[in-house]
Amino acid sequence: MTDTVQKILAGDVRAAARLIRDIDDGEPRAIELLKRLFPHTGRAYVMGITGSPGVGKSTLTDRLVRHLRTRNMTVGVLAVDPTSPFTGGAILGDRVRMQGHSTDDGVFIRSMATRGQFGGLTRSTRGAVMVLDAMGKDVVIVETVGVGQDEVDIARMAETTVIVLSPGLGDDIQAIKAGILEVGDIFAINKADNEGADKTAQEIRSMLEMEQSAGLGRKDWAPPVLKTSARNNEGIEELWAAAERHRSFLAAGNSAYYRELGRMKARLELVDLVKQRAADEVMAKLHGRGGLERLVDELLERRTDPYTISERILDEVFERKERLDQERD
Ligand code: GDP
């Protein structure tokens, strides 16, 4: 175990890739390793890039990676795609993405995919970010597809979240309403080489202004709305400059809003972990006591209501004898 930790701290790609896979698979060994890596994390700048499929996130990420490499920064990229059919999709994705960076050991790219573990994506992405951070990457980019709750949670994990949109909002209006506006520290209107980028930028600006005047949103940070063309490699420097401005703003620590946001994220992380571990423990114990299926039968046959069954499960596994005794009296 110490050996693996040392390897990852030294930037060993194979050890890191294996650990990320184990995290994704929910292996208990991964937790032990993450505990040991934790003291070596907290140095990387974590950036989230999110938006609907097809807006140009991966092209933009690729351009940004190239830009960072010209500045001698090492980069880790986690491409989170809950919609991709796991393993095959993710691995294929990595291959495609790695093109052009495969000979560059300053860049490490991985895809994350859920493996049937309900709600596991946020947690495993968080773990994977820690691994890249511990490897010594200067910048970790978390690219997420889509705009569901999972993706919003993942986007929140980053210090700076870039929302990518493309001209002509259309369907994206829904996404914006669904809360994506709230999580954006920077907005990039990509495909600015297409018509309508100015109009879209203007629409976003007025939405942000409306939010601010309603007392919502970032309050002490006005999210910049930039135009980029990943295809033509335009606006990338400006995007990075905006990210650095946001990073410095955070580092100054004067924002009550971001301080509270930071607490909220930490709180969510803990609650999420406790929930998952409690659920795992309950399921494991239940397994030892004849499993869930007999209780499922009981419910299907309508012999008992689901509330009573779930209470009984908790009573049994936590051995809440007192209560059981009381109930018997
Ligand atoms: P993602 O699904 O958000 O990751 O989007 P991709 O990066 O895969 O890009 C989707 C499509 O849009 C691809 O065909 C890209 O070549 C194209 N694309 C990406 N950026 C731009 C851009 O700035 N301008 C134009 N015109 N097309 C772009």
Side-chain angles (χ1 to χ4, degrees), residues 47-69 75-86 88-102 107-114 121 125 128 139-148 150-152 154-155 157-158 160-176 178 180-181 183-204 224-243:
M47 225 177 138
I49 295 190
T50 191
S52 305
V55 292
K57 291 177 300 297
S58 33
T59 316
L60 197 63
T61 301
D62 181 68
R63 295 295 192 184
L64 196 57
V65 169
R66 282 168 206 274
H67 180 69
L68 294 173
R69 294 301 293 139
V75 193
V77 178
L78 290 172
V80 184
D81 185 357
T83 61
S84 88
F86 40 89
I91 289 164
L92 185 68
D94 280 346
R95 285 210 196 102
V96 174
R97 282 160 197 281
M98 284 302 278
Q99 276 173 13
H101 299 295
S102 55
V107 183
F108 183 70
I109 302 177
R110 281 292 118 173
S111 294
M112 304 296 295
T114 28
L121 195 57
T125 305
V139 180
V140 175
I141 299 176
V142 182
E143 188 194 313
T144 50
V145 181
V147 287
D150 250 11
E151 294 74 61
V152 170
I154 290 167
M157 193 182 297
T160 302
T161 302
V162 180
I163 306 291
V164 187
L165 298 158
S166 54
L169 287 174
D171 291 347
D172 281 338
I173 289 287
Q174 278 318 108
I176 288 162
I180 209 79
L181 203 62
V183 295
D185 301 299
I186 297 170
F187 289 80
I189 316 299
N190 191 43
K191 305 196 184 182
D193 50 292
N194 285 347
E195 233 171 88
D198 282 317
K199 185 164 172 278
T200 303
Q202 205 42 55
E203 281 168 358
I204 295 296
V225 182
L226 312 169
K227 287 187 293 175
T228 58
S229 169
R231 173 184 279 178
N232 299 341
N233 203 16
E234 283 164 11
I236 310 301
E237 244 183 280
E238 291 79 0
L239 178 60
W240 178 245

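Just so you know, ligand 1 is whichever comes first in the structure, and atom 1 is the first atom listed for that ligand. Numbers for residues simply follow the sequence, beginning at 1. The model shown is predicted, which means the values in this text are computed figures rather than measured ones.
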Enquirer: Sub-3.5 Å donor-acceptor pair from the side chain of Lys191 to the main-chain atoms of Gly56, do we have one?
Expert: no

Enquirer: For residues Val55 and Ser166, report the shortest heavy-atom separation together with the two atoms involved.
Expert: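 Residues Val55 and Ser166, closest heavy atoms: CG1-OG, 3.7 Å.
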
Enquirer: Select one of side chain, backbone, both or neither to describe which atoms of Thr59 lie under 4.0 Å from any atom of ligand 1, heavy atoms only.
Expert: both

Enquirer: Non-hydrogen atoms of Gly51 versus ligand 1: any pair closer than 4.0 Å?
Expert: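 Gly51: no contact with ligand 1 (<4.0 Å).
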
Enquirer: Would you mind listing which atoms of ligand 1 come within a distance below 4.0 Å of any non-hydrogen atom of Lys57?
Expert: 1 (P), 2 (O), 3 (O), 4 (O), 5 (O), 7 (O)

Enquirer: So between Pro167, Ala192, Gly56, whose heavy atom ends up nearest atom 5 (O) of ligand 1?
Expert: Gly56

Enquirer: With heavy-atom distances below 4.5 Å as the criterion, would you say the side chains of Ile163 and Thr50 are in contact?
Expert: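 The answer is yes; the side chains approach within 4.5 Å.
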
Enquirer: If the cut-off is 4.0 Å to any non-hydrogen atom of Ser229, which atoms of ligand 1 fall inside it?
Expert: 23 (O)

Enquirer: Regarding Thr228 and Asn190, is there a side-chain donor-to-acceptor distance under 3.5 Å anywhere?
Expert: yes

Enquirer: Is the shortest heavy-atom distance from the side chain of Thr144 to the side chain of Thr125 under 4.5 Å?
Expert: no

Enquirer: Any idea which atoms of ligand 1 are less than 4.0 Å away from a heavy-atom of Pro53?
Expert: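 The atoms of ligand 1 under 4.0 Å from a heavy atom of Pro53 are 2 (O).
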
Enquirer: For ligand 1, which is the ligand I care about here, please tell me if Lys191 has any N or O atom under 3.5 Å from one of the ligand's N or O atoms.
Expert: yes

Enquirer: Using a 3.5 Å cut-off on N or O atoms only, is Leu60 in polar contact with ligand 1?
Expert: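 No, since none of the N or O atoms of Leu60 sits under 3.5 Å from an N or O of ligand 1.
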
Enquirer: Is Thr228 in polar range of ligand 1, meaning some N or O pair under 3.5 Å apart?
Expert: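 By distance alone, the answer is no.
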
Enquirer: Of all heavy-atom pairs between Leu78 and Ala128, which one has the smallest distance, and what is that distance?
Expert: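 Smallest heavy-atom distance, with atoms named: CD1-CB, 3.6 Å.
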
Enquirer: At their closest point, which heavy atom of Ala188 faces which heavy atom of Val162, and how far apart are they?
Expert: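 It is CB-CG1, 4.1 Å.
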
